Amino acid sequence: MVQPLPQPDGTLDGASAVEAARAAALNEAYGTLPAEEVLRLSLTALFPGKIALVSSFGAESAVLLHMAATIDRAVPVVFIDTGRLFPETLAYRDTLIARLGLTEVRSVGPDPETMEAADPYGALFSIDPDRCCQLRKVEPLAEALAPFAAWITGRKRYQAATRTTLRVFEADATHIKVSPLATWGAGELVAYLREHDLPRHPLVAKGYPSIGCAPCTSPVAEGEDARAGRWRGQAKTECGIHVSNAGVTRRSA
């Protein structure tokens, strides 16, 4: 039985504190359930009609998308098209949409006028990568998620040192974030892909275990962290969507 949880008081700061309490309660109640059950509860009982799945259609995305499609093919899926993605990623997105029968994939991206002013030569990624991610990913996603109370992520603890303490339910100032696969390892993901005969992202075979924008993603050598190819040579390890709210307060969901 789904337990009732506190509701936000409507202010940004207050919502942050209350959302943290909600996330803690959710972890206590459901954080050790199997990934499929966490996902089913989130979509059908905890946040029915008020939750979206955010997917990069990257190296491991087929697992979570397949799980979601078996529950509800009309689940809102938000895909951020930064304008700098690999062509293989866009093709893989189309392949998975058709294969899984997803009917509500929403492609969002940066405002063209904003990008023309801020990045007229397409070189912002090399000058100020944080600003580039903010404009191309963080702000478009924040706007897309504004109507929702929660969102589903594909993050796992094994992916990077910055994710080793990842919890299944987390909170930011505006949303609950659900990571059903938080405890999964690479072996479990590969086994699931094989069991369900799911297509792999074509760049995985070329040494890309984590795939972002083309200018900021490189192959990873054996033994390296799975995200070592993201912003290689820089201190940057995250694009910002999990550490920023882009200044957008959630509208009433």
Side-chain angles (χ1 to χ4, degrees), residues 39 42-43 47 49-62 64-66 68-69 72-120 122 124-125 128-155 170 172-179 201 203 210-217 230-231 238-253:
L39 189 57
S42 297
L43 291 172
F47 308 101
K50 297 183 179 181
I51 189 167
L53 190 159
V54 176
S55 179
S56 65
F57 285 82
E60 301 162 348
S61 296
L64 191 57
L65 289 167
H66 179 268
D72 181 7
R73 291 183 177 180
V75 59
V77 176
V78 178
F79 170 72
I80 310 172
D81 186 351
T82 65
R84 306 305 301 271
L85 299 177
F86 289 96
E88 291 90 339
T89 296
L90 299 177
Y92 187 57
R93 172 199 59 189
D94 296 342
T95 296
L96 284 182
I97 290 173
R99 171 67 180 276
L100 302 177
L102 297 167
T103 63
E104 192 57 38
V105 177
R106 308 175 183 184
S107 291
V108 301
D111 176 68
E113 292 185 3
T114 298
M115 295 315 303
E116 177 62 28
D119 192 14
L124 187 60
F125 74 92
D128 189 346
D130 287 338
R131 178 65 173 158
C132 190
C133 286
Q134 178 75 15
L135 295 177
R136 293 184 181 276
K137 297 186 72 172
V138 178
E139 292 182 4
L141 179 61
E143 185 62 28
L145 290 177
F148 299 98
W151 56 292
I152 301 160
T153 89
R155 292 175 301 158
E170 295 179 310
D172 58 27
T174 56
H175 293 80
I176 295 292
K177 295 192 292 186
V178 187
S179 300
H201 192 296
L203 291 179
S210 179
I211 303 161
C213 292
C216 302
T217 308
R230 305 291 293 276
W231 307 285
E238 296 280 354
C239 66
I241 64 174
H242 297 293
V243 295
S244 171
N245 299 305
V248 178
T249 305
R250 189 183 67 220
R251 295 190 291 266
S252 297

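The first residue in the sequence is number 1, and the count goes up from there. Keep in mind that this is a model prediction, so the values were computed, not measured.
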With Val108 as partner, the option from Val54, Leu145, Val78, Asp81 fulfilling side chain to side chain contact (heavy atoms under 4.5 Å, CB included) is Val78
Just checking, any donor-acceptor pair under 3.5 angstrom between side chains of Thr103 and Arg73?
no
Assess the residue pair Ile152 and Lys177 against the criterion (side chain to side chain contact (heavy atoms under 4.5 Å, CB included)); give the C-alpha distance rounded to whole Å, side-chain angles, the decisive distance to 0.1 Å, and a yes or no.
CA-CA 6 Å; Ile152 301 160; Lys177 295 192 292 186; over 6 Å; no
CG-OG distance between Leu90 and Ser107, expressed to the nearest 0.5 angstrom
8.5 Å
Give me the ring orientation class for His201 and Tyr92: parallel if the planes are under 30° apart, tilted from 30 to 60°, perpendicular past 60°.
tilted
In chain order, what residues pass the ring-ring contact (aromatic ring centres under 6.0 Å, His included) check against Phe125, with sequence neighbours excluded?
none
For the side chain of Thr95 and the backbone of Ala91, is there at least one donor-acceptor N/O pair under 3.5 Å apart?
yes
Heavy atoms, side chains only, cut-off 4.5 Å: are Phe57 and Ile211 in contact?
no
Rounded to the nearest 0.5 Å, how far does CG of Leu141 lie from SG of Cys133?
12.0 Å
Working note: Leu96 + Leu102, criterion side chain to side chain contact (heavy atoms under 4.5 Å, CB included); need CA distance, chi angles, decisive distance, verdict.
CA-CA 8 Å; Leu96 284 182; Leu102 297 167; 5.5 Å; no
Ile51 CD1 to His175 NE2 distance, which is reported to the nearest 0.5 Å
10.0 Å
One pair to check against side chain to side chain contact (heavy atoms under 4.5 Å, CB included): Leu135 and Met115. What are the steps and the verdict?
CA-CA 7 Å; Leu135 295 177; Met115 295 315 303; 3.7 Å; yes
4.5 Å side-chain heavy-atom contact, Arg230 and Cys216:
no
Going through the checks in order, is the side chain to side chain contact (heavy atoms under 4.5 Å, CB included) test met by Ile176 and Phe148?
CA-CA 10 Å; Ile176 295 292; Phe148 299 98; over 6 Å; no
Check step by step if salt bridge (charged side-chain N to carboxylate O under 4.0 Å, His left out) holds for Arg155 and Glu170.
CA-CA 12 Å; Arg155 292 175 301 158; Glu170 295 179 310; 2.5 Å; yes
When rounded to the nearest 0.5 angstrom, what is the spacing between CG in Leu53 and OG1 in Thr153?
8.5 Å
So does Glu88 pair up with Arg93, basic N to acidic O under 4.0 Å?
no
Contact check, side chains of Val178 and Trp151, non-hydrogen atoms, under 4.5 Å
no
Within-4.5 Å side-chain heavy-atom neighbours: Ser56 and Ser61
yes
Backbone N or O of Gly212 within a donor-acceptor pair of the Thr217 side chain at under 3.5 Å?
yes
Could you state the interatomic distance from OG (Ser179) to CG (Leu64), rounded to the nearest 0.5 Å?
9.0 Å
A side-chain contact here means heavy atoms from C-beta on lying under 4.5 Å apart; do Glu104 and Val75 qualify?
no
Any non-hydrogen side-chain atom of Leu124 less than 4.5 Å from a side-chain atom of Arg131?
yes
